[in-house]
Amino acid sequence: MAMEALVNGHSSPNRDGNPKSERLQIVNDEKRFTPELSAQIERWGLRDVGFDYNVVAVFGSQSTGKSTLLNRLFGTTFDVMNESNRQQTTKGIWMCRGQGMNVMVMDVEGTDGRERGEDQDFERKSALFSLASSEVLIINLWEHQVGLYQGANMGLLKTVFEVNLGLFGKRTLDVTTGRTLLLFVIRDHLGVTPLSNLSRTLQADVTKIWDSISKPEDLQDRKLEDYFDLAFTTLPHKILTADKFEEGVADLRKRFTDKENPDFVFKPIYHKRIPADGVAHYMEGIWEQVQSNKDLDLPTQQELLAQFRCDEIANVALEQFSIQARSQKRPIEIGNVVDGLGAMMRSWKDQALTQFDREASRYHKGVYHKKRNDLTGQLNSILSPLFLGQLKNIHKSVLIKFKEELRDGVRGDNYNYGEVVSQARERLEKRFQEAVLEVRKVREDSDSEEQWSWREEEELLRAEVEAVATQMRSDETKKMLNQSERNIRKGISDPVELYLTEAKPDMWDKVLTLFQGTLEKAESTYISKAKSFDCTDAENTLALAVLRRRAWLALRSKIDEQIADTALIGKLRARFEDKFRYDENGVPRVWKPGDDIDSAFRQARDDTLELISLYASITPKDPSISFTLPSEPVSSSSDEDEFDFSSTLHVLSPTKAADITTRFRRDADAFFVEAKRSTVSSVAQ
Ligand code: GDP
Ligand code: MG
């Protein structure tokens with residue numbers, strides 16, 4: 001179990017069941033970084049604290065009471081070397097959460113490779129790692145080590161300074177980040193030599209070390225104080241003066257917890273500005289760089305971290321957002337206008353961005369802004385189909401309503417078509433604009449106008465409304481034309497029948513006059529009705545031409561009916577009988593022998609035969625009474641046959657006239673014979 005924990009870097013089972021006191025080996029003795037840190041930081045409850053946390057690490061020779069000190073100061077659970085069983089501690093870096101404080105504490109083991117005659121690889125790497133992440137580096141040493149300039153601690157410090165130059169060396173000095181506090185804790189302080197003396201000695205040694213390290217050409221003038229603050233403190237002997245030791249620890253603890261304390265160690269300038277939720281990834285990246293002996297460039301690391309984390313944060317936000325957006329996908333696809341969709345979309349988007357901002361804004365500004373733009377683009381591209389779908393559905397629904405209103409509006413006879421249309425159109429416009437305004441709530445001020453444009457849909461709608469209105473208008477026109485035609489038919493029917501039956505010489509004058517009058521009335525009624533339409537002049541001209549033609553054809557069919565064979569024969573016979581069988585006073589004639597039946601017959605016959613030519617063509621006596629149809633074509637796409645007006649003036653063809661004449665003569669002859677017979681029989685009686 002213990003081995004497994006070490007190799008895999010799992011957190012150790014905690015003794016009290018409290019995840020906050022769990023410890024984790026973040027770098028094991030094979031110099032591998034744990035994959036568990038992120039989860040552990042969450043278990044420690046530090047994931048969401050932003051910048052409100054601190055990191056401290058300890059350095060020093062083995063068995064100088066480092067782990068003991070950390071456990072006392074921070075309530076951590078690092079392994080302490082057993083008094084009775086002094087075994088070598090494994091290399092590696094352990095981490096614990098400080099109890100009752102947002103502090104990540106790192107216990108760096110095995111930094112004394114030189115003491116053990118090992119290579120200093122791990123020392124170097126853990127120094128780099130600690131400096132890149134910690135605000136405070138505790139340098140732990142025995143009092144008797146102070147002044148031993150050549151001691152192991154000094155070698156360690158040399159390493160720390162060198163790697164620090166690599167890390168922060170090039171930063172401009174007026175920038176206040178990148179500083180680290182080196183807190184020297186002098187253990188087993190006997191009290192004979194006061195702290196001030198010890199500090200002076202250490203200070204001098206440290207300065208000597210600084211001067212001795214090889215610096216790059218351009219950094220020759222840099223001083224230790226450009227990068228580090230130094231602080232010194234002592235702790236009494238833990239075993240010989242246990243009470244004093246505890247007091248000292250308690251005092252020192254305050255310097256880590258009490259912000260009001262003048263010696264408070266976690267000054268903002270030491271903070272490495274990595275948001276807590278990115279610490280794990282950041283540390284892992286740092287370790288990888290260190291481990292592969294690549295140049296550790298912190299700004300690059302921060303940018304990489306920002307990219308990684310901003311993507312992660314964006315994905316979480318996007319996932320939630322997608323679920324929300326998906327909920328309305330189906331309703332839109334099946335053609336519904338989703339109530340309040342605009343506001344809904346806007347709030348999903350706001351939520352996603354707020355969620356993103358809350359965490360991502362703590363990262364590298366440039367990366368954050370770029371990723372935010374990317375996210376906004378993704379959000380918009382998910383919303384766009386919903387937006388366009390909603391527009392399309394709005395379009396459809398207002399158009400349906402518009403058609404309904406038109407249909408209802410022109411029910412019955414008592415309506416003004418033009419008003420019906422313009423009112424329905426106004427309502428449609430209003431409905432559309434209101435709905436568009438709602439769905440456009442999705443738009444943010446920073447969005448481009450084209451991003452959420454409804455113009456195209458509006459144009460489509462307008463075109464369709466126009467088409468519907470035109471269709472309706474033409475239907476209405478047809479209805480009116482039919483109505484007019486019916487009226488004309490009714491108006492001319494009886495009088496035409498009468499005139500054709502009377503068959504006076506001015507028969508056609510009367511028929512045409514009547515027709516003209518009826519038509520004019522119908523035309524003016526049509527015109528006055530059409531005024532309420534938005535009919536164009538061309539449409540009106542066309543309608544009137546149609547009306548005239550149909551009226552004329554109605555007249556012609558009435559005439560045809562009246563001069564159909566039997567009807568015409570009937571008329572001729574009636575005229576003939578009238579002349580032949582009745583005298584001028586309308587009294588029936590009784591033929592007597594000696595009566596001039598022959599001349600009477602001839603006269604009546606010839607008189608009647610004249611009617612045939614009268615009926616044959618529509619020719620008024622009075623030349624001023626004439627009727628012509630407009631010569632221009634009624635409609636270019638007219639499906640009616642080509643219409644030749646002048647041919648419609650011929651009512652009877654010559655053949656037909658001849659046929660009728662023959663038939664009539666036969667009838668007349670029969671009358672004549674009958675008349676002759678009647679005189680013979682009267683003589684015989
Ligand atoms: P580390 O290897 O530096 O982490 O040291 P540990 O904390 O494991 O302690 C090593 C040994 O030193 C243990 O046996 C501790 O009991 C003992 N020890 C811890 N603190 C002190 C101290 O302040 N003074 C003395 N003399 N011994 C201590
Ligand atoms: Mg230890």
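Both ligands and their constituent atoms are indexed starting at 1 by order of listing. One-based numbering along the sequence shown.
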Query raised in the report: Would you say Ser67 has any N or O atom under 3.5 Å from an N or O of ligand 1, going by distance alone?
Result: yes
Report task. Check whether any N, O or S atom of Gln62 sits under 2.8 Å from the Mg ion (ligand 2). Result -> no
Report task. Report yes if some N/O of Gly65 lies less than 3.5 Å from some N/O of ligand 1; otherwise report no. Result -> yes
Report task. Output yes when the distance from some N or O of ligand 1 to some N or O of Asp107 is under 3.5 Å, and no in every other case. Result -> no
Query raised in the report: Do Asn140 and ligand 1 have an N or O pair less than 3.5 Å apart?
Result: no
Query raised in the report: Would you call the rings of Tyr368 and Phe356 parallel, tilted or perpendicular if under 30° counts as parallel and over 60° as perpendicular?
Result: parallel
Query raised in the report: If you measure every N/O of Thr68 against every N/O of ligand 1, is any gap under 3.5 Å?
Result: yes
Query raised in the report: Any nitrogen or oxygen of Ser63, main chain or side chain, under 3.5 Å from a nitrogen or oxygen of ligand 1?
Result: yes
Query - Modelled atom types, side-chain donor and acceptor of Tyr270 and Asn54, under 3.5 Å - result: no
Query raised in the report: Is Asp188 touching ligand 1 with its side chain, its backbone, both, or neither, if touching means heavy atoms under 4.0 Å apart?
Result: side chain
Query - Pairwise distance CZ(Arg72) to NZ(Lys238) - rounded to 0.5 angstrom - result: 5.0 Å
Report task. Report the member of Met81, Lys238, Lys66, His237 with the shortest heavy-atom distance to atom 1 (P) of ligand 1. Result -> Lys66
Query raised in the report: So is Phe245 close enough to ligand 1, meaning a heavy atom under 4.0 angstrom away?
Result: yes
**Report entry** Criterion side-chain contact (heavy atoms from CB on, under 4.5 Å) against Leu24, the qualifying member of Leu37, Ile93, Ile41
**Finding:** Leu37
Query - Side-chain H-bond candidate by donor/acceptor type, Gln328 with Gln390, under 3.5 Å - result: no
Query raised in the report: Could you walk me through whether Asp229 and Lys267 pass the salt bridge (charged side-chain N to carboxylate O under 4.0 Å, His left out) check?
Result: CA-CA 11 Å; Asp229 286 331; Lys267 292 199 184 116; 5.1 Å; no
Query raised in the report: Which of the numbered atoms in ligand 1 are below 4.0 angstrom from a heavy atom of Arg187?
Result: 20 (N), 21 (C), 22 (C), 23 (O)
Report task. Report the relative orientation of the aromatic rings in Trp287 and Phe129; use parallel for angles under 30°, tilted for 30 to 60°, perpendicular for over 60°. Result -> perpendicular
Query raised in the report: Parallel, tilted or perpendicular: which describes the rings of Trp348 and Phe321, with under 30° parallel and over 60° perpendicular?
Result: perpendicular
Query - Any N or O of Thr64 closer than 3.5 Å to N or O of ligand 1 - result: yes
